[in-house]
Every structure is written in structure tokens, then in C-alpha cells.
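Here the structure comes first, spelled out in C-alpha cells, and everything after it is commentary.
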Amino acid sequence: LSESLPSSLTTDAIRVTSEALELDDFLEARKAPWSPLAIIIVSSYGVGQAPLGAWKFREMCDKILESAEDHSSDFKGLKFAMLGLGDSKFTTFFLNPTAIDSALSKAGAERVGSLGKADASGTGDKVQLNVIQDWSRDIIPDLKRVIEQDLGPLATKTADEEGKDAWELKGEEMKVVKENTLKYCRLIYENWQDEVVTPGGKFDTQKTIMMVVPIILAILLALFFKSS
């Protein structure tokens, strides 16, 4: 999936490249450089906990779910696709993917496509590998629709009365999502630093954005979009 997405999603208006990361590295090392579209593929561990590499991301999601405050605008403008992995022989089956999906939705993000459920105890056409392959294939049209209909036109729209084009305005929206994510990071990390430790993608005025894709066991694939 990591290797196939760039060629599958690239359009005449937007060129896509990719990079793999862990969910927690997305927060800690990259400081949450969200783009308008994210793909999250993550499993459960133990009694519905996050796997190694996603503990802090899950903790952030729990903060959102447990809060009585209105968080519906925290991640506004973010769209995401999700595939979850688990084993239905355990009573906590799919708990971690469900928690992440629910938290992002509560915070104002919008899920794209179906919520994939890859069950290690699945049989017949529901064998886990088959579900992963089917979801990976079927999600492509949904992702491409977002890119072509939502993101592609941003690169060609003219500036508004303040001189800002649609791409720049979308970038500002993503900066708000990033800052709200960092707000949670300051709560869940004891010694949080806002400075970027390692270089990463960003949504900037050169019409380059990063699409976040956490792959199996919280491995994250970052896709970079650039107006062609």
C-alpha cells in the first residue's frame, strides 16, 4: 500500500510521494504536520490498548473522548480513512481502532470510505489478509475522489479579496488542526517541546502538503502532495 498509493493517487494537478512513520513519531518527531487527508491503519494490543508506537496518539484520543467540552472544531477540515486490525476471539476486539475513529470524529474530522475491520479470526472471504487487500483496493477511489474534488481545485482557484488563494487558506486550516494537536501533546507529554526534532513534510505556500497514513501496528506513511 505504501508503494502503490503515490502512483494510484497522483493526478494532473497533484503529485504524490510517500514516507513511512509511526503514529507517535508523527506527534513527537514531526510535531503533527497534518494535511487535509489522512489514512490510519492500526491494530489493538492486549486488552484493547494501542500497539507499540501508538500509545501517545491513543492517549490523545482518550483525552478527546473523555472530555465534556465541545471539541467539534479541533480537527475541522481533516478527512481520514481507517483500517483496523484485531482478533474477534478477544472481548476487546477492535477497541483501539474504534477509539481513534471516534475521537477524530468527535474532534470534527470526517472519515472517508468504510471503516475496515480485519479480523485475525476471520474465515472465508473475511480472512484477515483478504480484508486488508480488499480494503486497500476499495479505498483508492474514495481517496482519489477527495484529491480530485476537494484538493485538486484548491491549486487552481484565484486569490480572495485579501490576496490569499484557496490552497493557502486550506493550509491555514491545517495549521489550526496542528496547533490543536500540539495542545493535547502538551497535556499528555511530561517534557513536551514544540520544536521539530526531525525534518518533515508541511503544508506551505508552495502548494506542498503532507498526507498522513499510519500503516499496520501504527506505522505511518506520509504522502506529500505538490501542485504540478
Side-chain angles (χ1 to χ4, degrees), residues 2 5-6 14 16-42 50-67 69 71-82 96-97 99-101 103-111 151 154 164 167-227:
S2 169
L5 279 174
I14 297 177
V16 179
T17 59
S18 63
E19 177 187 9
L21 295 168
E22 288 188 344
L23 269 173
D24 285 349
D25 281 346
F26 172 71
L27 296 180
E28 298 169 15
R30 300 302 175 85
K31 310 304 178 186
W34 288 108
S35 72
L37 181 60
I39 305 173
I40 299 176
I41 305 178
V42 67
L52 183 66
W55 291 349
K56 286 299 184 179
F57 194 92
R58 170 62 185 278
E59 189 175 348
M60 177 187 73
C61 290
D62 288 342
K63 287 284 185 184
I64 295 172
L65 293 174
E66 294 166 2
S67 175
E69 299 178 4
H71 295 278
S72 59
S73 62
D74 284 359
F75 293 168
K76 181 180 178 181
L78 171 66
K79 294 187 178 182
F80 69 98
M82 174 169 282
N96 183 55
I100 294 176
D101 176 65
L104 294 179
S105 298
K106 181 180 178 180
E110 179 184 347
R111 178 157 49 80
L151 302 183
L154 298 182
K164 297 180 179 180
W167 192 273
E168 185 178 359
L169 292 173
K170 190 64 177 180
E172 292 181 357
E173 187 176 46
M174 290 301 99
K175 288 179 182 178
V176 172
V177 177
K178 173 179 178 175
E179 181 52 43
N180 286 332
T181 304
L182 297 182
K183 175 186 65 177
Y184 291 113
C185 289
R186 296 181 194 112
L187 294 176
I188 63 178
Y189 287 92
E190 291 185 2
N191 300 304
W192 176 260
Q193 293 181 336
D194 281 346
E195 294 82 5
V196 176
V197 177
T198 58
K202 62 181 180 180
F203 193 131
D204 60 25
T205 56
Q206 298 303 312
K207 298 183 178 178
T208 300
I209 60 176
M210 186 188 81
M211 175 179 159
V212 183
V213 189
I215 302 298
I216 302 172
L217 296 181
I219 298 300
L220 181 147
L221 169 70
L223 295 184
F224 297 88
F225 296 86
K226 187 171 184 178
S227 175

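All residue numbers refer to positions in the sequence shown, counting from 1. Just the heavy atoms: all of them, side chains too, but no hydrogens, waters or symmetry mates, feed the values below.
The neighbour count for K76 NZ, taken as heavy atoms of other residues, nucleotides or ligands under 6.0 Å away, does not exceed 12.
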>> Applying side-chain contact (heavy atoms from CB on, under 4.5 Å) to L27 and L23, what does each step give before you reach the verdict?
In response: CA-CA 7 Å; L27 296 180; L23 269 173; over 6 Å; no
>> Quick one, V177 with D74, criterion side-chain contact (heavy atoms from CB on, under 4.5 Å). Give me CA distance, side-chain angles, the key distance, then yes/no.
In response: CA-CA 6 Å; V177 177; D74 284 359; over 6 Å; no
> Should R58 and N96 be marked as a side-chain contact (heavy atoms from CB on, under 4.5 Å) after you check the CA-CA gap, both sets of side-chain angles, and the distance that decides it?
Replying inline: CA-CA 8 Å; R58 170 62 185 278; N96 183 55; 2.9 Å; yes
>> Determine whether L37 and L78 satisfy the following criterion, side-chain contact (heavy atoms from CB on, under 4.5 Å), listing intermediate values before the conclusion.
In response: CA-CA 6 Å; L37 181 60; L78 171 66; over 6 Å; no
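The existence of a salt bridge linking R186 and E179 is confirmed by a sub-4.0 Å separation between a basic side-chain nitrogen and an acidic carboxylate oxygen. The existence of a salt bridge linking K170 and E173 is confirmed by a sub-4.0 Å separation between a basic side-chain nitrogen and an acidic carboxylate oxygen. In summary, D101 and R111 engage in a salt bridge, as defined by a charged side-chain N under 4.0 Å from a carboxylate O.
Closest of all the heavy-atom pairs between K56 and I188 is NZ-O, 2.8 Å. When all heavy atoms of A103 and I64 are compared, the pair lying nearest together is O-CG2, 3.7 Å.
The aromatic rings of F75 and Y184 sit perpendicular to each other, their planes meeting at more than 60°, with 30° as the lower class boundary.
Note that CD1 of I100 and CZ of F80 are 9.5 Å apart. Values are rounded to the nearest 0.5 Å.
For D24 (side chain) and W55 (main-chain N/O), a donor-acceptor pair under 3.5 Å exists by modelled atom type. Of the possible polar contacts, none joining the K31 side chain to the L182 backbone as a donor-acceptor pair under 3.5 Å is found.
Looking at heavy atoms from C-beta onward, T181 lies in side-chain contact with M60 at the 4.5 angstrom threshold.
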